[in-house]
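Below, chain A is the first sequence line, B the second, and so on; all start at residue 1.
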Amino acid sequence: MEPEDFDSEDKEMLSWDINDMKLPQNVKKTDWFQEWPDSYEKHIYSSEDRNAQRHLSSWAMRNTNNHNSRILKKSCLGVVVCSRDCSAEEGRKIYLRPAICDKARQKQQRKRCPNCDGPLKLIPCRGHGGFPITNFGKHDRRFIFLQSKGEHDHPKPETKLEAEARRTMKKVHTASASVPLKLKESPEAKIKHTLPR
DNA sequence: AGTTGCGGGTTAA
DNA sequence: TTAACCCGCAACT
C-alpha cells in the first residue's frame, strides 16, 4: 500500500520534463502505448512502438507549430456533439471525432447529427488553463517521450478507427443508393459528343 | 478526401 | 519570450 520509496532511478523516470536537455536513458521498462493520455501524464515508449512513432492519440489532436523541430506539439480539438443533445439506443450520446484538417472540420460542422439530423456543435477543449490540452512528443535515441498538459474537460470522441468506419459506412450507403455502377456513357457516346459540328 | 508533419509568419500577454 | 493559432506545402493513406 505504500508506493513511495523510489530509488534515484525511479525518481529520474518520473521527474523528467520534455524540455530537459537530457532525458532519462537508463529506462528499465517502457510504457505500453496509451491511447487516451490525460491529466498531465508522462510516458516513455520504445522507439519501436508504431503508435508512439506517429504520436497517435485517440483524442482528436492537431499538429501545432511550436517552432521547435525536436519536439512535436499537438493540441486538442475537443469533440463534436449534437446540439439537440439527442440520445441513441440505450441513452448513448453522439460524440463525433472532430476532423483534424481545418477545411474538413468546417465542412463537418455543416453536417447533421447522424442520429437525429439536428445541427452539430463543436465543443472545444479548455482543459489547460482555458486552452486546449497540449501533447508534446520527443524522439530521443531509443525512446519516445510523451508529455500531456491539461485535463480534458469534455467527453472522448470516436477513435480514429471508429470515425474511419463511419465514413466508409456512409460511402457504401450512398453508393448503393445511387445509379447502378457504370451505366453512364459508352465510348461511342463520348465520341458523339466530341464530333465536329 | 483526410491525416500528419513541417515551418514561415502573426498576435497578444 | 512564450504560447496559441493561421496558412500552405508535401508525403502518405
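The aromatic rings of A/His128 and A/Tyr40 sit perpendicular to each other, their planes meeting at more than 60°, with 30° as the lower class boundary.
In summary, contact between chain A and DNA chain C, defined as any nucleotide atom under 4.0 Å from a heavy atom of the protein, begins and ends at C/dA3 to C/dC6 in the 5' to 3' direction.
For A/Arg97 and A/Glu162, the salt-bridge test fails: no basic side-chain N is under 4.0 Å from an acidic carboxylate O. In this structure, A/Asp140 does not pair ionically with A/Arg70, as no charged nitrogen and carboxylate oxygen lie closer than 4.0 Å.
For the residue pair A/Glu41 / A/His43, a side-chain donor-acceptor distance below 3.5 Å is found, with atom types taken as modelled.
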Nucleotide by nucleotide, nucleotides 1-10 of chain B touches protein heavy atoms under 4.0 Å in the pattern (B base, S sugar-phosphate only, - none) -SBSBBBBB-

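Put simply, A/Leu122 and A/Leu96 are part of the same group of oily side chains (I, L, V, M, F, W, Y) that touch within less than 4.5 Å, one to the next.
Here the side chain of A/Lys74 pairs no donor or acceptor atom with the backbone of A/Thr64 at under 3.5 angstrom.
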* Asked: Taking it one step at a time, do A/Arg142 and A/Glu48 satisfy side chain to side chain contact (heavy atoms under 4.5 Å, CB included)?
  -> CA-CA 8 Å; A/Arg142 303 156 45 213; A/Glu48 312 293 314; over 6 Å; no

